[in-house]
Amino acid sequence: HLRSSPGGAQLALLGDAQPGEPLAAIIPLDDMAHDRLQAIERFIRSIHRQHLPDARLSKAQRRRLGLMLQCLDGREEEASHFDVATALFGRRLVSADNWHDSAFRYQTQRLVRDGVKMVERGYRQLLRARRRNS
């Protein structure tokens, strides 16, 4: 049975497990074990309404990823880069008069390019915590 937690996580309840009863987590001891343990800690805290931010990405990285996804949504809807930039940055900042040399044009192009790369081959890298080599 699939259930959702207060934090939005999906749970697969095995056997006769019922919501509200104690749960157990099985964690493979592979190169992702540390990441899984951190995810479980965030899940436990979310149950108790204690938000623990995911430290794998900085606030700026999360913002840029959000912009990349919005660009890809615009691309999917066949919007022009100008229309996407206007939606992202506002009509007050994005002008058709100087669009050709606009910093917003170049930023939108980079966001689309990097979004496409991420979807094609790199999005799983986001799930891996960055650690110092010991």
Side-chain angles (χ1 to χ4, degrees):
H1 307 309
L2 281 177
R3 303 275 191 241
S4 293
S5 76
Q10 294 281 316
L11 296 176
L13 299 178
L14 305 177
D16 294 330
Q18 298 296 318
E21 291 183 2
L23 298 174
I26 299 171
I27 303 168
L29 298 177
D30 58 8
D31 62 339
M32 294 290 293
H34 186 264
D35 301 307
R36 290 184 177 105
L37 284 170
Q38 287 180 342
I40 289 171
E41 181 181 9
R42 286 192 308 275
F43 172 72
I44 292 168
R45 287 179 183 249
S46 76
I47 291 172
H48 300 290
R49 309 251 191 263
Q50 300 171 348
H51 179 68
L52 179 64
D54 189 336
R56 292 175 292 189
L57 297 173
S58 69
K59 188 174 181 178
Q61 289 171 315
R62 283 192 297 274
R63 175 164 164 58
R64 187 164 193 280
L65 286 169
L67 292 173
M68 287 166 45
L69 291 173
Q70 287 179 283
C71 285
L72 293 175
D73 287 344
R75 179 183 167 114
E76 181 73 22
E77 295 296 319
E78 299 181 5
S80 69
H81 281 186
F82 177 79
D83 291 336
V84 170
T86 301
L88 293 179
F89 307 112
R91 188 161 303 282
R92 190 172 60 82
L93 296 176
V94 179
S95 166
D97 296 336
N98 66 354
W99 176 245
H100 184 68
D101 293 323
S102 170
F104 295 109
R105 176 177 177 243
Y106 298 117
Q107 185 173 2
T108 302
Q109 288 172 336
R110 284 191 304 273
L111 288 167
V112 169
R113 179 198 66 215
D114 294 347
V116 168
K117 284 182 188 175
M118 185 67 66
V119 168
E120 286 177 350
R121 63 180 185 263
Y123 70 95
R124 287 183 180 220
Q125 293 171 3
L126 298 174
L127 303 175
R128 298 189 191 281
R130 290 168 187 81
R131 292 186 202 78
R132 285 186 254 167
N133 292 347
S134 309

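Pairs engaging residues 54-83 under the ring pair (Phe, Tyr, Trp, His ring centres under 6.0 Å) rule: F82-W99 [sequence neighbours left out]. The stretch residues 52-74 participates, sequence neighbours left out, in no ring pair (Phe, Tyr, Trp, His ring centres under 6.0 Å) pair at all.
Pairing each heavy atom of A33 with each of P28, the nearest pair is CB-O, 3.5 Å.
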In a table with atom names and distances, give each donor-acceptor pair under 3.5 Å that connects a side chain of residues 65-77 to protein atoms at least two apart or in another chain.
none

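Here the straight-line distance linking atom CG of L88 with atom CG of D83 works out to 11.0 Å at 0.5 Å rounding. How far CD of Q109 is from OG of S102: 9.5 Å, rounded to the nearest 0.5 Å.
Within the 3.5 Å criterion, the main-chain N or O of H100 finds a donor-acceptor partner in the side chain of R105.
For L37, the side chain to side chain contact (heavy atoms under 4.5 Å, CB included) criterion is met by I27, not counting sequence neighbours. In this structure F89 satisfies the side chain to side chain contact (heavy atoms under 4.5 Å, CB included) test together with A85, V94, F104, Q107, T108, L111, sequence neighbours excluded. Checked against side chain to side chain contact (heavy atoms under 4.5 Å, CB included), E78 has no partners two or more places apart in sequence or in another chain.
Counting heavy-atom neighbours within 6.0 Å of R113 CZ, excluding the residue itself, gives a total above 12.
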